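Take a look at the structure set out below.
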Amino acid sequence: MSNHLFDAFRARVTAPRRLLMQTDDGRSLTYGDMLARSAQLAHALVQSGVAPGDRVAVQVEKSPEAVLLYLACLRAGAVFLPLNTAYTLPELRYFFGDAEPRLVVCDPARAADIGPLAQASGAALATLGQHGDGSLPESASGNQADFDDVARGPDDLAAILYTSGTTGRSKGAMLSHENLASNARVLVEHWRFSAEDVLIHALPIFHTHGLFVATNVILMAGASMLFEARFDPVRIVSLLPRATALMGVPTFYVRLLQQQGLDAQAAKTIRLFISGSAPLLAETHAAWRERTGHAILERYGMTETNMNTSNPYDGERRAGTVGFPLPGVSLRIADPDGGGSLAQGEVGMIEVKGPNVFAGYWRMPEKTKAEFRPDGFFITGDLGLVDRDGYVHIVGRGKDLIISGGYNIYPKEIEGEIDALAGVSESAVIGVAHPDFGEGVTAIVVRKPGSAIGAADVLDAIAGRLAKYKHPKQVIFVDELPRNTMGKVQKNVLRETYRDLYG
Ligand code: ATP
Ligand code: MG
């Protein structure tokens, strides 16, 4: 029977003996293994009572089996629901209550704690450990190595993926088979992936970047990956000569630049370095080019939409931009209040439409309705502009916009000025409640090691460059900015920390 997304992956299997992945603990998995073992797991899901449309909630360590479980869910017609490994029991209780999974799969070490939660929400429990251990692979191993894939059409749900929770409580994005298939296809073509590629995969697989961008692209290209349980910069440098591509968050690149062995020679076999999930500083882009000779290709996406824009493969990869809308994706810059397109160069809300855009938030019809325009465009929540050459610039999140003394202030403009100072490593500019101005512009700054730059230096430098209403009311120095696992700066945490600064 036809199963929209899995059929597309299956079609790329030319020879069963070709390698799909090799792990850092010395295991390898061929495409033939992938077909056989995902079939065995699909049988195990059915034996656990999973029917088409049921959610399978998965909180496990990164492993080849976790990827096989994702594929088994597709084949069984279930909805794959991966969860961040950092989530605590109270958080899991929320997700189980919200998603009502039929089956919960967790690490064997957490089974005693998670079992009762699963039971309370009416789900069965199975375990999967990092090294292929656990009750699920055990029950799968006795099953047949082929499986009659459940019929799934383009609009059927493939996954519910919760957003990162950077701006508030995570929302479950419903992603269809075609959402995922169309985006993987476009990215393979746009980034020229082929069966010859070897990707270094060091991202978590509970997030869209590691799961749907990296893994789906590799499956859709029939390529292979060096599958790393975690990001270890020393190891990544040593793996470069065995690979052709790397996908990372900006922090990967910053930390790799601190490695002595990183140079053009080490990166000789690599054809493409890709960055996303958070803004890549122009400085990092320049430093990378200087050290390796490669221009990092930056792209922009989100849980709800997969990837929306990308810098070009051929042609200029412009630092500080996220490139052009991908083929099939319509993007416009709209008036945040009324909707309606703005003129080229003006800052507004980024809105997108295309086969990549999700079907809505799980069990949040009101929220879903509020985030779509009547003509079907999705309101991303990101502010940006399109420059004269068509490159999309992200200016920041709508929720991070500062309104001070009645003026709209975009933090990124101020951060750019501060980051350019010699003694500064990075900065975050936030709005903090202020009795006179509504919000007071507040700069949180991380010094470069050994630098003694002070608040007065920062303010002096900005004075001649930005209008007065944009000047920070206070400059605060910290050792590091709070970040989540995807390297995103948590401005909500900063706003909370400095809440009473002007009060
Ligand atoms: P939540 O929606 O729960 O607050 P989140 O938006 O961080 O969390 P994700 O879907 O993981 O959750 O992240 C998508 C967001 O990441 C985008 O909306 C955008 O703000 C940011 N982002 C992704 N790629 C880039 C990029 N290249 N440059 C700047 N920002 C980026
Ligand atoms: Mg978001």
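The figures here come from the full heavy-atom set of this structure, side chains too, leaving out hydrogens, waters and symmetry mates. Fair warning: this is a prediction, and the values are worked out from it, not measured in the lab. Ligands are counted one by one from 1 in listed order, and the atoms in each one are counted from 1 as well.
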Which residues pass the side-chain contact (heavy atoms from CB on, under 4.5 Å) test with Asp98, sequence neighbours left out?
Tyr94, Tyr162, Trp362

Check each protein residue for a heavy atom under 4.0 Å from ligand 1 and list those that pass, ordered by chain and number.
Thr163, Ser164, Gly165, Thr166, Thr167, Lys171, His207, Ser277, Ala278, Pro279, Glu298, Arg299, Tyr300, Gly301, Met302, Thr303, Val322, Asp382, Ile394, Arg397, Lys488

Identify every side-chain donor-acceptor pair in residues 423-430 under 3.5 Å, counting partners at least two apart or on other chains, and give the distances.
{"from": "Glu426", "atom 1": "OE1", "to": "Arg483", "atom 2": "NH1", "distance (Å)": "3.4"}
{"from": "Glu426", "atom 1": "OE1", "to": "Arg483", "atom 2": "NH2", "distance (Å)": "3.1"}
{"from": "Glu426", "atom 1": "OE2", "to": "Arg483", "atom 2": "NH1", "distance (Å)": "3.0"}
{"from": "Ser427", "atom 1": "OG", "to": "Asp419", "atom 2": "OD1", "distance (Å)": "2.7"}

Determine the sole option in Lys367, Glu304, Glu366 for which the side-chain hydrogen bond (donor to acceptor under 3.5 Å, both in side chains) test with Tyr361 is passed.
Glu304

Would Thr244 and Asp197 count as having a side-chain donor-acceptor pair, cut-off 3.5 Å?
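Yes, Asp197 and Thr244 have a side-chain donor paired with an acceptor closer than 3.5 Å.
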
Restricting to pairs with a member in residues 275-287, which pass side-chain hydrogen bond (donor to acceptor under 3.5 Å, both in side chains), not counting sequence neighbours?
His209-Ser277

With a 4.5 Å limit on heavy-atom distance, are the side chains of Val347 and Asn408 in contact?
no

